[in-house]
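These numbers come from the heavy atoms of this one structure, side chains and all, not from hydrogens, waters or symmetry mates. A quick note: this is a predicted structure, and the numbers were derived from the prediction, not measured. This chain uses plain numbering: 1 for the first residue, then up along the sequence.
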Amino acid sequence: MIGRIVHLLVLFCAAASTAVAQDPAERAYHVPALNPKHRDKPKVAGWAEQRVEERLNRGMVAMPNGDGKVYLGWRLLRSDAGGTVFNVYRSVEGGDPVRLNKEPVAATTDFIDEHPLPEREVAYWVRPVLEGKELEPSEKVVRTANAGHNGYYSSIVFRGSYRCQKIAVGDLDGDGAYDFVIKQPSQGIDPAGRPNTSGLTYKLEAYLSTGSFLWQKDLGAGIEPGIWYSPYVVFDFDGDGKAEVAVKTGPEDARDPDGRVRKGPEWCSILNGMTGEELARADWLPRDPRLGDYNRTNRNQMGIAYLDGKTPCLIVARGTYKLMMTDAYQYHNEKLERLWHWEGDDETPLIRSQGAHSMHSADVDDDGRDEVILGSCVLDDNGTCLWSVGLGHPDKCYVTDIDPARPGLEIFYAVEPWHDDGKGVCLVEAKTGKTIWSIGQPTYHVGDAMVADIDPSLPGLECWATEDPKGGSRDRYLFSADGKRLDTREDVPDCENWMFWDADLLRETVGREFGRSGIRRERPMSTEFMRGFSIVKYGGPTLTTGIQGRIVMIADILGDWREELVTVLPGELRVCTTTIPASDRRVCLMQDPVYRADAAHLSMGYPQSPVTSYYLGVSPDD
């Protein structure tokens, strides 16, 4: 009994110290504002006349499966008419094409070449078939039957032995394939940490999907090395079919002797994706005293949103823990035009301290226009606050259809500040911010979270979260979509690096083996450099082993709707893809607007697995 009392006192003191560290004055702003008052602003009227869409190719994959056969996969596109099926072709060293399938492939968008030709250079491609008529062929992919069975599908070799910190994907040359823009080296500092006095600068480098190097841009001494100083996103902002690079930049001579940058101009720059040339520039959001100290001032993010439902807009944000500011831009005719400016201090009540470590965009109110989710508050498409739950800074939040029994989208929150009101872990309506369910007990420093279908017997997505031990608790929480508590502590999986890898709609994770009575850790899980890790099913088998590198992205960038795992090693980036035959088919996940924005935002802020705007999980009736 005495031990239990001591434990509770430790938790109370730790939670209290956490709350004090987050500034008691700012806790006054932790109040709901589900119907905030503000000056109204006009709706965005962007340059696009119809929605700008990425023009993706088939993402054709040919990968030896380790069983002497070749796995083939390709994209189903949103533009494919209903009833589209596929024929699969192969040719040897430029010879005549041979159709491999007896009947058109209809149930999936993958195929196994049962009798490949070892040591021969073979080209594979598909042709869509509609109402018995073959349409234009896909791009060809050339492989040999024994090439590539080394745990990954393709690799890009860097210009040195460095590792990159972040990567972004976008179609830089307009061929329909995703290319890569990396930020290197991997070292970085947090604004709350000690400054970097080595003179280290970040470099952006662009590579085509083929591995060809395009350009390098040194961000210079005006950008300190750390993710919060150097956000960037890659997207086709002007609709010409080729992606641009949006990045925070600064002057070359801005650092103080101690390595900090405290004054001088800061810019939002648009770079040509093929050359790295700066095309346009606008002033970054200012260093405002209301942001707080140096640490809080230097919290910067970028994102994309279709604010008018048609035009891809650039979102620039500053401030997480005190004042929050956001600018929205459109890029057209090589000009950056600001569409609106938002400050939480313009709302009634004031909205402060609600920011997260990443942003999301989604049409939460069903008006055909994206809103911007900045942690515990949501900005309407016109740059006013739609609502704020007032919970404070969430370490993670997910915007998707978590409970398909309810209309619309939901947001799952894992909130870092100490909460004794039982709302530190909760689910809310994305349209209104109204609480659907909450944990109903004190939380201390919830540091991570995830949503995914991992139990096929339960409807909806499961939601789980973990306490950070520095808050005084190691508790883990697991809920069903409708808020039923499911866990003992040992049943709750880790939150990082979940992906669709095998044939079903249950998501898998990396580097773990699970049992319903406990978790066996293969090795400590981290996004730091790892060798020989595995993809594992919750409560089930290990599916794939021997994957090497540090995880920098999980997204559907190749092949069918399953996701690729992108890792980096010194001097190299690797793209790993599944060779497990699919059981059904669906449109490429990157053509879902919420998923695509989540994937675009992986190049800045903290990583979390992208999710779709629709329910993507198993039906308990299946």
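- Between Ile557 and Phe180, the closest side-chain pair of non-hydrogen atoms falls below 4.5 Å.
- Lys41 contributes a side-chain N or O that, together with a main-chain N or O of Gly383, makes up a donor-acceptor pair within less than 3.5 Å.
- Pairs passing the salt bridge (charged side-chain N to carboxylate O under 4.0 Å, His left out) check and including a residue from residues 244-255, sequence neighbours excluded, read Lys248-Glu266.
- When all heavy atoms of Trp387 and Glu429 are compared, the closest pair comes out as CZ2-O, 3.8 Å.
- Among residues at least two apart or in separate chains, side chain to side chain donor-acceptor pair (under 3.5 Å) pairs with a member in residues 342-351 are His38-Glu347, Arg290-Glu343, Arg290-Asp345, His341-Glu343, Trp342-Glu347, Asp345-Arg352.
- A donor atom on one side chain and an acceptor atom on the other are found under 3.5 Å apart for Glu563 and Tyr595.
- Inter-residue side-chain proximity for Tyr178 and Val234 is flagged as unmet; no heavy-atom pair is nearer than 4.5 Å.
- The nearest pair of heavy atoms linking Val85 to Arg585 is CA-NH1, 4.4 Å.
- A donor-acceptor contact shorter than 3.5 Å is absent between the side chain of Ser603 and the backbone of Lys166.
- Contacts classified as ring-ring contact (aromatic ring centres under 6.0 Å, His included) and involving residues 282-315 (residues at least two apart or in different chains) are not found.
- Of all heavy-atom pairs spanning Asp171 and Ala177, the tightest one is OD1-O, 3.3 Å.
- The heavy-atom pair separating Gly368 from Asp363 by the smallest distance is N-OD2, 2.8 Å.
- Remark: the backbone N or O of Gly226 is paired with a side-chain donor or acceptor of Tyr202 at under 3.5 angstrom.
- Every residue two or more places apart in sequence or in another chain was checked for a side chain to side chain donor-acceptor pair (under 3.5 Å) with Ser376, and none qualifies.
- Atom-to-atom distance recorded for Lys183:NZ and Ile227:CD1 is 7.0 Å, nearest 0.5 angstrom.
- Minimum interatomic distance between Tyr232 and Val181 (heavy atoms only, all atoms of both residues): OH-O, 2.9 Å.
- Paired with Arg58 under the rule salt bridge (charged side-chain N to carboxylate O under 4.0 Å, His left out), one option of Asp560, Asp175, Asp80 passes, and it is Asp80.
- The aromatic rings of Phe412 and Trp437 sit tilted relative to each other, their planes meeting at an angle between 30° and 60°.
- For Tyr413 (side chain) and Gly375 (main-chain N/O), a donor-acceptor pair under 3.5 Å exists by modelled atom type.
- Shown here is Lys43, whose NZ atom has more than 12 heavy atoms of other residues, nucleotides or ligands within 6.0 Å.
- Across Asp380, Ile373, Asp370, a single residue satisfies side chain to side chain contact (heavy atoms under 4.5 Å, CB included) together with Val364, and that is Ile373.
- A perpendicular orientation is assigned to the rings of His357 and His393, their planes being inclined by more than 60° (bins at 30° and 60°).
- Screening Leu589, Thr612, Val587 against Asp556 for a side chain to side chain contact (heavy atoms under 4.5 Å, CB included) leaves a single residue, Leu589.
- Listed for the Arg507 side chain is no donor-acceptor partner under 3.5 Å among the backbone atoms of Ala452.
- With salt bridges taken as basic N to acidic carboxylate O contacts below 4.0 Å, one links Arg299 and Asp190.
- Within the 3.5 Å criterion, the main-chain N or O of Leu219 finds no donor-acceptor partner in the side chain of Thr201.
- The pair Arg51-Glu53 meets the salt-bridge criterion, with a side-chain N (NZ, NE, NH1 or NH2) lying under 4.0 Å from an Asp/Glu carboxylate O.
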Next item on the list: Let me see the working for Tyr29 and Gln354 under side chain to side chain donor-acceptor pair (under 3.5 Å), right down to the final yes or no.
Entry: CA-CA 9 Å; Tyr29 301 105; Gln354 305 300 307; over 6 Å; no
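- Legend: salt bridge (charged side-chain N to carboxylate O under 4.0 Å, His left out) pairs involving residues 387-398, not counting sequence neighbours, sorted by first then second residue: Lys396-Asp448.
- With sequence neighbours excluded, the residues that form a side chain to side chain contact (heavy atoms under 4.5 Å, CB included) with Ala356 are Pro394.
- Closest approach of Pro191 to Asn295, counting heavy atoms only: CB-OD1, 3.5 Å.
- Here the side chain of Glu139 pairs a donor or acceptor atom with the backbone of Met60 at under 3.5 angstrom.
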